[in-house]
Amino acid sequence: MSQFLSNCSADALATAAQSLMEGSLVAFPTETVYGLGADATNALAVARIYEVKGRPADHPVIVHIADLKYLEQWISDIPEYAIALAREFWPGPMTLVLQRSKLAKDFLTGGQNTVGIRIPDNSLALGLLEAFHKLGGTGVAAPSANRFGQVSPTTAEAVQEELGEFLADTDLVLDAGPSEIGLESTIIDCTGQLPRILRPGAITIAMIEEVTRLKVSKLFENESDEFMQVDTRVSGSLENHYAPKAKVFLDEKPVDGSGLIAFESVYTPDGVIRLAAPKSVEEFAQVLYSALREGDNQNLDSIYIAQPTGDGLAIAIRDRLSRSAKGR
Ligand code: TXA
Ligand code: MG
């Protein structure tokens, strides 16, 4: 069982950074979801992430850094448009996939020649990363802190529920309350002439196009706006991801005894258990994963979700939900 730390002081963050240096795992909050961190240059520590998550070894992990000045050592090349994106949206819910340097080893990148990098926008995460850099650390590898294929955790309690039994006494879970955004970062492949979205998120196509003045392409695209599975190495692109234990139904009439997640304006039929009633798309994203978890904690067989329509963040929500619904 790991240690659980709330209200982290600077001293506690320095201790957590030291634990990372020594090869332990530290789960930490970000504005998107909670991550399970390890020293990104330590093969054994990163191997433990895979073990604790039960994740296949060929899936790349994102490297988290505290500031743009730590970017250069991880990459061998960066196009102008990616620099513009980094300046505009970091710290923030965006991961850039760039050509890797020698520092980004195969055990991080799943053998690909690229590396995913992100500066998270959360004061505790940034404090931890700064403390880690101060000790000479170059970056923290961190996937979402859930078992492979499950729903990402948006609270420290959810991390504990997911991974507690797999973590060691020397590992830590840092608590800073619920994640603000609640959906994983937008992943943008910046290795081509044009930016390409690998996973939609809170940094939307319109935002990227405005900053880069370039046309954004989507890797997983059919005639609608759904992002389809193409490359299994982008683990978030696996069809059965983000899946609770309950069966998920989208835009269907809820049956007796099932759970319901829908905008506040949608009425709850008799006998249906309301799991969330968000008032906006932002709130929908923020509460979605905890509502799915709540459905599982109540042992519901099925959860019905009335999806938000429209562009922007709603695309990211529908992307995750279409995979949740294929889960079981
Ligand atoms: O919001 C987030 O991105 C959270 C927080 C903790 O930062 N992290 C996260 O990590 O969602 P993870 O590992 O659960 O999902 C990262 C996705 C995976 O689907 C992985 O395959 C993809 O990023 N990825 C990482 N590096 C990549 C690369 N070099 N090329 C393509 N995809 C990559
Ligand atoms: Mg994940």
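What you see below is based on every heavy atom in this structure, not just the backbone, and it leaves out hydrogens, waters and symmetry mates. We count ligands from 1, going down the list as the structure has it; atoms in each ligand are counted the same way.
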Subject >> Six-ring centre of Phe148, Arg55 cation under 6.0 angstrom, axis tolerance 45° >> reply: no
Original post:
Going by atom types only, do Ser144 and Glu184 share a side-chain donor-acceptor pair under 3.5 Å?
Top reply: no
Original post:
So, is Ser144 placed with an N/O/S atom under 2.8 Å from the Mg ion (ligand 2), counting both backbone and side chain?
Top reply: yes
Subject >> Per-atom contacts of ligand 1 with Thr32, taking only distances under 4.0 Å to non-hydrogen atoms >> reply: 1 (O), 2 (C), 4 (C), 5 (C)
**OP:** Name the option, out of Ser185, Ala145, Pro93, that contains the heavy atom nearest to atom 2 (C) of ligand 1.
**Re:** Ser185
Original post:
Any N or O of Arg118 that comes nearer than 3.5 Å to an N or O of ligand 1?
Top reply: yes
Subject >> Worked verdict on Ile261 versus Phe284 for side-chain contact (heavy atoms from CB on, under 4.5 Å) >> reply: CA-CA 9 Å; Ile261 300 171; Phe284 203 116; 4.1 Å; yes
Original post:
Heavy atoms only: which of Arg100, Gln112, His59, Arg55 is nearest to atom 13 (O) of ligand 1?
Top reply: Arg55
Original post:
Does any N/O atom on Glu184 come nearer than 3.5 Å to any N/O atom on ligand 1?
Top reply: no
Original post:
Counting each atom of ligand 1 from 1 as listed, which ones have a heavy atom of Arg199 under 4.0 Å away?
Top reply: 2 (C), 3 (O), 9 (C), 11 (O), 15 (O), 16 (C), 17 (C)
Original post:
In ligand 1, which numbered atoms sit nearer than 4.0 Å to a non-hydrogen atom of Gly35?
Top reply: 6 (C)
Original post:
Looking at His64, which atoms of ligand 1 are within less than 4.0 Å of one of its heavy atoms?
Top reply: 5 (C), 6 (C), 7 (O)
Subject >> Per atom 10 (O) of ligand 1, closest listed option by heavy atom (Ser152, Ser144, Gly116, Gly110) >> reply: Ser144
Original post:
Is the backbone of Ile187 close enough, under 3.5 Å, to the side chain of Thr95 for a donor and an acceptor to pair up by distance?
Top reply: no
Original post:
ligand 1 versus Thr114, non-hydrogen atoms closer than 4.0 Å: side chain, backbone, both, neither?
Top reply: both
**OP:** State whether a side-chain donor-acceptor pair under 3.5 Å links Arg100 with Thr114.
**Re:** no
Original post:
Can you list the ligand 1 atoms lying under 4.0 Å from a non-hydrogen atom of Val115?
Top reply: 29 (N)
Original post:
At a 4.0 Å threshold, what atoms of ligand 1 neighbour a non-hydrogen atom of Leu198?
Top reply: 31 (C)
Original post:
Do Lys247 and Phe249 meet the cation-pi criteria used here (NZ or CZ under 6.0 Å from the six-membered ring centre, within 45° of the axis)?
Top reply: yes
Original post:
Strictly under 4.0 Å, does any heavy atom of Ile187 approach an atom of ligand 1?
Top reply: yes
Original post:
Relative to Tyr267, does Arg274 satisfy both conditions: NZ or CZ under 6.0 angstrom from the six-membered ring centre, and within 45 degrees of the ring's axis?
Top reply: no
I'd like a table of donor-acceptor pairs (distance under 3.5 Å, sequence neighbours excluded) in which one partner is a side-chain atom from residues 13-29, with atom names and distances.
residue, atom, partner, partner atom, Å
Thr15, OG1, Asp11, O, 2.9
Gln18, NE2, Glu22, OE2, 3.0
Ser19, OG, Thr15, O, 3.1
Ser24, OG, Thr170, O, 3.4

**OP:** Work out which heavy atom in Leu44 is nearest to a heavy atom in Asn42; give both atom names and the distance.
**Re:** N-OD1, 3.0 Å
**OP:** Answer yes when Arg293 and Glu162 have at least one side-chain N-carboxylate O distance shorter than 4.0 Å, and no when they do not.
**Re:** yes
Subject >> Closest to atom 8 (N) of ligand 1 (judged by heavy-atom distance), picking from Pro120, Pro60, Ala142, Gly201 >> reply: Ala142
